[in-house]
Amino acid sequence: MQLFETEIEFTQHLEGLRADNLKIGMVPTMGALHEGHLTLVKRAALENDRVVVSIFVNPTQFNNEEDLRKYPTDHDRDIGLLKGISEKIDLFRPLTAEVYPYGIQAGQYELGALETRMEGAFRPGHFQGVATVVERLLRIAKPDRAYFGEKDYQQLLIIRRLAQIKGLDVEIIGCPIVREANGLAMSSRNERLSKRLREKSGLIYRSLRSAKELFGTKSALEVKEWVREKYEVVPELDLEYFEIADATTLEPVVKNNYSDKCRAFIAVYANGIRLIDNIALN
Ligand code: AMP
């Protein structure tokens with residue numbers, strides 16, 4: 001595994017690979033790797049000749065200073081985990097000045113209604129920051145395929161749109177959510193939870209599963225109300241939003257229309273740590 005920290009060295013290396021006609025898969029991450037990330041990397045290694053993993057904690061997508069400051073990092077552990085997967089993997093871990101040579105600022109993207117809902121509504125500017133860093137990373141690496149998790153489902157839709165509006169020549173591949181034993185979606189932020197809260201947070205997935213069951217017989221509004229009541233009696237978990245939305249447009253579902261694909265989305269604070277999850281309903 002080679003580690004690159006500058007754009008120039010990294011792109012020279014990739015040009016060599018492309019000259020040999022090798023297919024390149026990319027997995028952009030913010031590090032503190034866990035099995036969720038590693039599943040993306042393993043899939044990329046199966047489907048491509050070489051894999052580039054990027055680790056960059058992108059300042060422009062954080063709308064909360066403390067969240068950025070406390071974001072976990074463990075470079076040695078990350079490198080060890082990646083080395084254990086495959087010899088096909090290289091790591092791009094740029095400094096901020098490499099990604100933002102003209103100053104740390106998000107671009108402006110026409111993301112439409114996708115960015116006004118849920119994560120976009122509660123984290124203003126977040127998706128502009130995501131689009132900025134993902135466009136930059138994809139333009140540097142020019143992979144054939146790029147892998148993203150459905151854990152951040154709204155982000156996945158935004159990135160598909162980004163690729164479309166910017167004409168990026170890359171196949172965007174969405175991968176299923178990887179969970180801990182109690183159903184909690186794996187996340188780098190889980191490391192900040194106490195053992196007790198990690199256990200308690202199992203409710204997030206359990207409530208999504210129940211919502212899925214109820215969705216067969218109750219209206220979207222009734223399901224939303226049912227979930228809201230569930231959290232009212234759990235003081236450790238603060239429900240920020242629970243939404244049922246069209247899986248393609250993210251328009252909130254008012255009447256259950258079984259011919260359209262619907263998804264439930266949730267964001268919960270556990271002792272100030274923000275956790276998100278989602279599930280396909282039909
Ligand atoms: P992050 O490091 O949180 O920016 O995540 C990097 C990539 O890994 C994103 O595409 C995430 O959606 C994906 N990812 C993070 N957690 C999971 C998970 N539990 N299951 C599947 N993909 C995940």
Side-chain angles (χ1 to χ4, degrees), residues 25-47 51-64 67-68 70-75 77-79 81-82 85 89 91-94 96 99 114 118-119 123 126-138 141 143 145-163 170-193 198 201-202 204-205 208 263 265-268 270 273-280:
M26 182 172 205
V27 183
T29 81
M30 298 203 296
L33 300 179
H34 51 68
E35 201 49 45
H37 298 115
L38 300 185
T39 305
L40 270 58
V41 177
K42 285 174 198 164
R43 173 148 176 208
L46 274 179
E47 297 178 352
V51 177
V52 291
V53 176
S54 63
I55 294 183
F56 178 66
V57 181
N58 173 36
T60 65
Q61 74 185 67
F62 284 81
N63 56 323
N64 177 324
D67 192 24
L68 173 60
K70 291 192 175 165
Y71 202 84
T73 49
D74 191 339
H75 290 324
R77 186 168 172 275
D78 288 349
I79 288 176
L81 287 171
L82 292 175
I85 291 182
I89 301 166
L91 177 58
F92 182 47
R93 207 180 58 199
T96 306
V99 179
L114 284 182
M118 301 184 290
E119 290 303 283
R123 302 183 70 188
H126 169 65
F127 287 125
Q128 294 293 329
V130 168
T132 304
V133 77
V134 172
E135 181 181 14
R136 177 87 174 109
L137 290 170
L138 292 177
R145 305 186 181 93
Y147 296 79
F148 296 89
E150 289 183 348
K151 153 89 183 348
D152 302 281
Y153 188 87
Q154 190 171 3
Q155 168 176 285
L156 174 62
L157 295 187
I158 295 262
I159 288 165
R160 286 194 200 283
R161 181 172 168 92
L162 169 75
V170 55
E171 189 183 347
I172 304 294
I173 297 178
C175 304
I177 302 172
V178 181
R179 302 179 176 283
E180 298 191 2
N182 70 350
L184 178 63
M186 288 196 181
S187 163
S188 305
R189 289 184 178 87
N190 294 357
E191 285 182 23
R192 293 176 49 206
L193 296 170
R198 215 159 163 145
S201 301
I204 300 172
Y205 185 52
L208 286 179
R263 243 177 142 91
F265 298 85
I266 194 165
V268 168
I273 298 156
R274 195 163 180 282
L275 304 171
I276 60 169
D277 202 348
N278 66 86
I279 193 170

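These numbers come from the heavy atoms of this one structure, side chains and all, not from hydrogens, waters or symmetry mates. First listed ligand is number 1; within each ligand, the first listed atom is number 1.
The side-chain heavy atoms of Arg43 and Cys175, taken from C-beta on, include a pair separated by under 4.5 Å. Contact annotation: the side chain of Val99 never approaches that of Asn58 to less than 4.5 Å [non-hydrogen atoms, C-beta and beyond]. At a threshold of 4.5 Å between non-hydrogen side-chain atoms, the residues Phe92 and Val52 do not count as touching. Side-chain contact between Phe148 and Val134 is present, with at least one heavy-atom pair separated by less than 4.5 Å. Contact of the Gln154 side chain with the Leu157 side chain is not registered, since no non-hydrogen atoms from C-beta on lie closer than 4.5 Å.
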Give every pair made of an N or O atom of ligand 1 and a protein N or O atom lying under 3.5 Å apart, one pair per line with both atom names and the distance to 0.1 Å, or write 'none'.
| unit_1 | atom_1 | unit_2 | atom_2 | d |
| --- | --- | --- | --- | --- |
| ligand 1 | 2 (O) | Met30 | N | 2.9 |
| ligand 1 | 2 (O) | His37 | NE2 | 2.8 |
| ligand 1 | 5 (O) | His37 | NE2 | 3.4 |
| ligand 1 | 10 (O) | Gly149 | N | 2.9 |
| ligand 1 | 12 (O) | Gly149 | N | 3.2 |
| ligand 1 | 12 (O) | Gly149 | O | 3.2 |
| ligand 1 | 12 (O) | Asp152 | OD2 | 2.6 |
| ligand 1 | 16 (N) | Met186 | O | 3.4 |
| ligand 1 | 19 (N) | Val178 | O | 2.9 |
| ligand 1 | 19 (N) | Met186 | N | 3.4 |
| ligand 1 | 19 (N) | Met186 | O | 2.9 |
| ligand 1 | 20 (N) | Val178 | N | 2.9 |

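Of all the heavy atoms in Gly25 and Pro143, the pair that sits closest is C-CB, 4.4 Å.
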